[in-house]
Amino acid sequence: MKVALVLIVLIIPLYFFRSVFIEPYDIKYVQDHYYHSQWEIPNSPWGIGDDGLYQFSGYELIRGRDPLTISPEVPPIGKLLYGLSILLFNNPYFVIIPIYLITIISFYYLTKSYLAVFFLVTTPLFFTQLNSTTLDLMQTCWLLLHTLAIFNKKTLFAGLTFGLFIGTKFGAFSVFLILADIYILYKEHRLKSLVWIFLIGLGVYFASYFGHFLHGGTIITWLKGQKWILNFYFAGQAKGTPFFVFITLFTGIWTNLQSAREWTILWPAAMAAFIFTKKNTLFLNYAAIFLAGVLITLCFSYYWVRYFLILLPFLIIFLVKIKSKLIYLVAIISFFSMIFYPYASLDKTKEEIKYAWEQGLYQDLYNYLPKQYSRTEFTQKAKTVDHGLEYPTKSVTFTKNTVTIVYQTKSGTITNTQPINFISENGRFKLIWDWKFVEPVALPITVHEPGLDGNNYWENLPYIYVDPAKITDQNREFILQNLADVTKLSKEKIRILLFVKAQKNQQIPIGFYLIGKLNCGEACKTITKPAWLYNDFKCNGLPYVLSERVTII
């Protein structure tokens, strides 16, 4: 009965997250995303999260790239496993399943408690890892395997798993793992084993950078890379609100007073158990040393909710030590928290569609559509619409049954309201796309009248168009700076327009040629246009004034 119940709660999240395992994986999209993300284009609206970053960098690493040249702030091991999964199965998520199962099995052998396993697998913070390619599940898996090895006196395996632990994520928490190891080894008169654990672990960590040495790297360049990683975390990271971690654990409230979707009553119950349970065994003291160290670190660091995953198994160990029937109430609540967890949220889907649509990130928008078209076909056609409207500012508003798209073009406003229909496909909400969503595509005809004082505040000036295909890596920064100088526009705004939002192989409208000398060669051309078309332009030393009447026909 116990085994059957655990199997049932294992199958439930796999079913609801099935889309990541059965829908086609597009590595070219992930590559395109990375090269247009904040990692390559500062302030890019097409930001890539850690999951996408680790997929792409893992794919690059498994194909031989130097690990210090892509997402170097994170050690290579976890990323290499995702890359191997892509190479073997064309899907990074497949490797998560064995890691997920190994974590559960090792936790059972560590606790010998079906109740503890039940708490683990019904906790959203744990089972949502099936839908993510971050590194927290892997590090938690190595932690549990390492703990098993320590208590079963398997020194070599303890060293291996310690190496995997520090080689998967930045090793700040490894200090507390070593302290916990020292406590056990001292109590068992095995302190000499610590030397082997440490040396084997460092050997595994060092070996994970083999790609760096294949590209001609040396010990010196590797050490400089490790110094850079330390500077990245200790000098450049945001600081959290001191001790706020405890508010998150007990209430689920975290950064900007957001509510963590993964929070359940298990968190405060387990924390209370950790605080008040008597640590009267070596194992509980081992867990307490690690938990205390991690919690103290998080008290003074910025954190994401998923960082708590590494705490979860040890906290549950304290919870199942409680001799009270209330623990079964917590189990019942945990079970229903899993059953009624919002695996797919229509409101969240609409929010994500809204952002992608407004920013012109049609490659992302495609992820929320049934496969009516290829990604390339859909993206090119949608960008053609934006190009025809000269890259307007867009706002997208959903109601229950309609979507309204408002284009703020340089000639006026276009408003388009259409009915919408969402379907559920493989556990995800998808928007049935209709090209009427982006119609009309023609610019409105405008009649510009003089200002109220009778003067005409406009003049004809050259307007700059740029073909991004004719910009090379060598002259990119020079051309962007030159365009910013002569148009008085932001260099980063021009960069994002040309290399993130624009349609390829098209002449992209940039702005009026105002001052200085234009030096972008064949990449640029100018067309004379009347300056009164553009709200942000100042002609004859006067700003565009609200008294100018513009009639849209």
Self-check item: K371 NZ: over 12 foreign heavy atoms closer than 6.0 Å
Solution: yes
Self-check item: Any donor-acceptor N or O pair under 3.5 Å, side chains Y34, E60
Solution: no
Quiz item: Checking N91 side chain against V20 main chain: does a donor-acceptor pair fall under 3.5 Å?
Solution: yes
Exercise. Please say whether more than 12 non-hydrogen atoms of neighbouring residues, nucleotides or ligands are located less than 6.0 Å from OH in Y109.
Key: no
Practice problem: Would you give the length of the straight line joining atom CG of L125 to atom CD1 of I310, rounded to the nearest 0.5 angstrom? | Solution: 11.5 Å
Quiz item: According to the interplanar angle, ranging from 0 to 90°, do the rings of F206 and F213 count as parallel (below 30°), tilted (30 to 60°) or perpendicular (above 60°)?
Solution: tilted
Quiz item: Say you draw a straight line from OH of Y35 to CD1 of I48; how long is it, rounded to the nearest 0.5 Å?
Solution: 11.0 Å
Quiz item: Taking only residues two or more places apart in sequence, or in another chain, which ones meet K430 in a salt bridge (charged side-chain N to carboxylate O under 4.0 Å, His left out)?
Solution: E23, E425
Quiz prompt | Nearest atoms (heavy-atom pairs only) where T111 meets A116 | solution = OG1-CB, 3.8 Å
Quiz item: Looking at F21, is R18 sitting on its ring face, NZ or CZ under 6.0 Å from the six-membered ring centre and within 45 degrees of the normal?
Solution: no
Quiz item: Is there a donor-acceptor pair closer than 3.5 Å between any side-chain N or O of E262 and the backbone N or O of P124?
Solution: no
Exercise. Determine which pairs satisfy salt bridge (charged side-chain N to carboxylate O under 4.0 Å, His left out) with at least one residue from residues 112-134, sequence neighbours left out, and list them in order.
Key: none
Quiz item: Under the side chain to side chain donor-acceptor pair (under 3.5 Å) test, which residues partner T147, sequence neighbours left out?
Solution: none
Exercise. With salt bridge (Lys or Arg N to Asp or Glu O under 4.0 Å) as the test, would you mind laying out the steps for E492 and R495 before giving the verdict?
Key: CA-CA 5 Å; E492 296 310 318; R495 185 196 304 273; 2.9 Å; yes
Quiz item: Between atom CG of L177 and atom CD1 of I150, what is the distance when rounded to the nearest 0.5 Å?
Solution: 7.5 Å
Quiz item: Using the ring of each side chain (for Trp, its six-membered ring), is F89 parallel, tilted or perpendicular to F94, with breaks at 30° and 60°?
Solution: tilted
Practice problem: Using modelled atom types only, decide if a donor and an acceptor are shared between the side chain of Y54 and the backbone of S71 within a distance under 3.5 Å. | Solution: no
Quiz item: Would you say L315 and F119 make side-chain contact, with heavy atoms under 4.5 Å?
Solution: no
Quiz item: Between N131 and Y93, do the side chains contain an N or O donor and an N or O acceptor separated by less than 3.5 Å?
Solution: no
Self-check item: Heavy-atom closest pair, residues L53 and W39
Solution: CD2-CZ2, 3.6 Å
Quiz item: Checking R428 side chain against Y368 main chain: does a donor-acceptor pair fall under 3.5 Å?
Solution: no
Quiz item: Are the side chain of T168 and the backbone N or O of F165 linked by a donor-acceptor pair below 3.5 Å?
Solution: no
Quiz item: Is NZ or CZ of K279 both nearer than 6.0 Å to the six-membered ring centre of Y286 and within 45° of the ring axis?
Solution: no
Self-check item: Heavy-atom check, side chain of F107 versus side chain of I317, under 4.5 Å
Solution: yes
Self-check item: Heavy-atom check, side chain of T134 versus side chain of W304, under 4.5 Å
Solution: no
Quiz item: Is it true that a side-chain atom of T161 and a backbone atom of A158 form a donor plus acceptor pair closer than 3.5 Å?
Solution: yes
Exercise. Please determine which of L298, V294, I296, T297 meets the side-chain contact (heavy atoms from CB on, under 4.5 Å) test together with V245.
Key: L298
Self-check item: Distance-only side-chain donor-acceptor flag, T128 / Y341, under 3.5 Å
Solution: no
Exercise. Measure from NZ or CZ of R65 to the centre of the six-membered ring of Y59, then state whether that distance is under 6.0 Å and the direction lies within 45° of the axis.
Key: no
Self-check item: Side-chain donor/acceptor of H36 to backbone N/O of F499, under 3.5 Å
Solution: yes
Quiz item: Do the side chains of R306 and D50 get nearer than 4.5 Å, heavy atoms only?
Solution: yes
Quiz item: Do other residues, nucleotides or ligands put more than 12 heavy atoms under 6.0 Å from the CZ atom of F250?
Solution: yes
Quiz item: Looking at side-chain heavy atoms only, is the closest gap between T264 and M338 below 4.5 Å?
Solution: no
